[in-house]
There are 2 protein chains.
Amino acid sequence: MKRGARTAGGGLSPHVRLWLVTAGDATPFGQGRWLLLAAIDRTGSLRAAAAELGVSYRKAWGDLRKTEKALGVQLIETRRGGRDGGDTRLTANGRRWLVAYGRFRARVERSVMRAFAATFKDLQP
Amino acid sequence: MKRGARTAGGGLSPHVRLWLVTAGDATPFGQGRWLLLAAIDRTGSLRAAAAELGVSYRKAWGDLRKTEKALGVQLIETRRGGRDGGDTRLTANGRRWLVAYGRFRARVERSVMRAFAATFKDLQP
DNA sequence: TCTCGATATGCACCGTCATACATAACGAAG
DNA sequence: CTTCGTTATGTATGACGGTGCATATCGAGA
């Protein structure tokens, strides 16, 4: 379905990055963490999730670590060992954040498309 | 007036980055270029504008260059020499982009605040 | 014609951040 | 108790982007 975005002016398309930060903390919760949680939910594995997103396991793991610390919330639950080596699943809170951010993003994205169309209708690049 | 943002859940606040890209070009028009144009409009000087934004003149100049090339539009008009060394002003197109992006951003920001409040009302970090 | 401050532009350095690499720990199944 | 794949974590290498610095150009006014 092409991540495209309608072009109003010329070959011009709008992009948006949306994230949340806690009080003084520098670690954000944004699209990256969101995609990561989604991939974990799908695959049941942090390693698989990282691979799916084309990001290193090292980074994915560190990101989650920092985010959980920043939010003060446990997002994932991991198990090690066993035939399959282990797995990673979302906690109830993890799924809550996944859903909330998804909704948040969807709403804003719709608004971005509307605002873009309205604002750049006549601006020819 | 503090870039703050209402906190709905805890010390949580939403942030957004908005930008536009042309067809295949990697050079975006976003908040940075927008602030730069605004500062130029206020000060009448690229050097002063860069200083005001706390960014190096080198970068400010390069950014404008790339953006004008990417958009295929002349945004500024510069003069060199004279008692004051010269100055930089916005072209009619420059001002048009300044205004358009400002409106675009304002609309989206309002929507972000609304969506954030609605989505993260009950999510305690 | 000399001066002064801003525009114009190349280049070397440096901080940041992700990747790559190297291990270690774990534990069910065989 | 050995194997195997995953989680867990430190360290180093490398790409990228901004800063700093150097230098050139310009032109009205003194």
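Both backbone and side-chain heavy atoms feed into the values below; hydrogens, waters and symmetry mates do not. Just so it is clear, the structure is predicted and the values come from calculations on it, not from any experiment.
- Following rounding to the nearest Å, B:Leu64 (CG) and C:dA6 (P) show an atom-to-atom distance of 17 Å.
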Could you list all N or O pairs between the protein and nucleotides 18-22 of chain C that sit under 3.5 Å apart?
unit_1 : atom_1 : unit_2  : atom_2 : d
C:dA18 : OP1    : A:Lys59 : NZ     : 3.2
C:dT19 : OP2    : A:Ser56 : OG     : 2.8

**OP:** Take B:Phe29 and B:Thr22 through the test side-chain contact (heavy atoms from CB on, under 4.5 Å) and record every step on the way to the result.
**Re:** CA-CA 9 Å; B:Phe29 184 99; B:Thr22 59; over 6 Å; no
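- C:dT9 atom C1' lies 12 Å from atom CZ of B:Arg47, rounded to whole Å.
- The residue from B:Thr91, B:Leu90, B:Asn93 that alone fulfils the side chain to side chain contact (heavy atoms under 4.5 Å, CB included) condition with B:Gln74 is B:Thr91.
- B:Leu46 has its CG atom 12 Å from the P atom of C:dT9, to the nearest Å.
- Residues satisfying the side chain to side chain contact (heavy atoms under 4.5 Å, CB included) criterion with B:Arg58, sequence neighbours excluded, are B:Ser56, B:Trp61.
- The side chain to side chain donor-acceptor pair (under 3.5 Å) test applied to B:Glu52 returns B:Arg42, not counting sequence neighbours.
- Between the CG atom of A:Asp87 and the P atom of D:dT6 there is a distance of 10 Å, rounded to whole Å.
- For the pair B:Glu77 CD and D:dC26 P, the computed distance is 18 Å after rounding to whole Å.
- For A:Arg110, the side chain to side chain donor-acceptor pair (under 3.5 Å) criterion is met by no residue, not counting sequence neighbours.
- Counting only residues at least two apart or in different chains, salt bridge (Lys or Arg N to Asp or Glu O under 4.0 Å) contacts with residues 76-86 of chain A comprise A:Arg79-A:Asp87.
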For nucleotides 26-30 of chain C, list the nitrogen or oxygen atoms of the protein found under 3.5 Å from its nitrogen or oxygen atoms, one pair per line.
unit_1 : atom_1 : unit_2  : atom_2 : d
C:dC26 : O2     : A:Gly81 : N      : 3.2
C:dG27 : N2     : A:Gly82 : O      : 2.9
C:dG27 : N3     : A:Gly82 : N      : 3.1
C:dA29 : O3'    : A:Arg83 : NH1    : 3.4
C:dG30 : OP1    : A:Arg83 : NH1    : 3.4

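- At C:dA6, none of the side-chain N or O atoms of B:Thr78 fall inside 4.0 Å of OP1 or OP2 (strictly under the cut-off).
- With sequence neighbours left out, the salt bridge (charged side-chain N to carboxylate O under 4.0 Å, His left out) criterion links A:Lys59 to A:Asp63.
- In the region residues 37-45 of chain B, proximity to DNA chain C at under 4.0 angstrom, judged on heavy atoms, holds for B:Ser45.
- Listed by chain and residue number, nothing satisfies the side chain to side chain donor-acceptor pair (under 3.5 Å) test with B:Arg89 (two or more places apart in sequence, or in another chain).
- Here B:Val99 sits alone; no ILVMFWY side chain lies under 4.5 Å from its own, so it joins no hydrophobic cluster.
- Within the structure, the salt bridge (Lys or Arg N to Asp or Glu O under 4.0 Å) test picks out no pair touching residues 11-20 of chain B (sequence neighbours left out).
- Here A:Thr27 pairs with A:Asp25, A:Arg33, A:Lys66, A:Thr67, A:Ala70 under the side chain to side chain contact (heavy atoms under 4.5 Å, CB included) rule; sequence neighbours left out.
- Applying the 4.0 Å criterion to OP1 and OP2 of D:dT6, one finds that A:Arg79 has every side-chain N and O outside that range.
- For B:Trp61, the listed nucleotide lying nearest its side chain is C:dT9; candidates were C:dT9, D:dA8, C:dT7.
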